Amino acid sequence: MSDKGLRMTTVRVQREDWLNVHGRWLEVKAIRPDHYTSGGPAVTFVFKAGPALRVPLGKQVTVRRRPGRGTW
């Protein structure tokens, strides 16, 4: 697996995956369903280090999986 990671939708991200956020790899500690004030569906990623991030549901993100959980 390259350092670039995999592109996938937010609905496929799991705890302990690593998300690329503005060029930094952050480990996902928790995932929460969320909504924007306009009512649009979203997901909030809580990281082990750094602030939480709310992303539209279904948006493409770059992910790395930890060894033993599919492609890394």
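Numbering of residues begins at 1 and proceeds along the displayed sequence. In this text the structure is predicted, and so the values were computed from the model without any measurement.
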(message) Quick test of your reading: applying side-chain hydrogen bond (donor to acceptor under 3.5 Å, both in side chains), list the pairs with at least one residue in residues 28-44, sequence neighbours left out, ordered by first then second residue.
(response)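 The answer is D34-T44.
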(message) Looking at every heavy atom in both M8 and V13, which two are closest together, and how far apart are they?
(response)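 Where M8 meets V13 most closely, the heavy atoms are SD-N, 4.3 Å.
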(message) Membership question, hydrophobic clusters at under 4.5 Å side-chain separation (ILVMFWY): are V28 and L26 in the same one?
(response)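 Yes; V28 is reachable from L26 via cluster members.
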(request) Please check if L6 and V43 belong to a single hydrophobic cluster, counting links between Ile, Leu, Val, Met, Phe, Trp and Tyr side chain heavy atoms closer than 4.5 Å. (result)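 Yes, L6 connects to V43 through the hydrophobic network.
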(request) Spell out, as yes or no, whether a donor-acceptor pair under 3.5 Å connects the side chain of T9 to the backbone of Q60. (result)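 No: the side chain of T9 does not pair with the backbone of Q60.
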(message) side chain to side chain contact (heavy atoms under 4.5 Å, CB included), that's the test. Do L57 and V11 meet it? Break it down for me.
(response) CA-CA 7 Å; L57 190 66; V11 297; 3.3 Å; yes
(request) Could you tell me the separation between the CD1 atom of I31 and the CG atom of D17, rounded to the nearest 0.5 Å? (result)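 Nearest 0.5 Å value for the CD1-CG distance: 7.0 Å.
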(request) Output the distance between atom CG (N20) and atom CH2 (W25), rounded to the nearest 0.5 Å. (result)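 The distance works out to 4.5 Å.
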(request) Please identify each residue that fulfils side-chain contact (heavy atoms from CB on, under 4.5 Å) with L53, with sequence neighbours left out. (result)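 Counting only residues at least two positions away or on another chain, L53 forms a side-chain contact (heavy atoms from CB on, under 4.5 Å) with V21, F47, V55.
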(request) Please identify each residue that fulfils salt bridge (Lys or Arg N to Asp or Glu O under 4.0 Å) with K48, with sequence neighbours left out. (result)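 If we apply the salt bridge (Lys or Arg N to Asp or Glu O under 4.0 Å) test to K48, skipping adjacent residues, the hits are E27.
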(message) I'd like to know whether CZ of R54 has more than 12 heavy-atom contacts from other residues, nucleotides or ligands below 6.0 angstrom.
(response)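 Yes, because the 6.0 Å sphere around CZ of R54 holds more than 12 heavy atoms from other groups.
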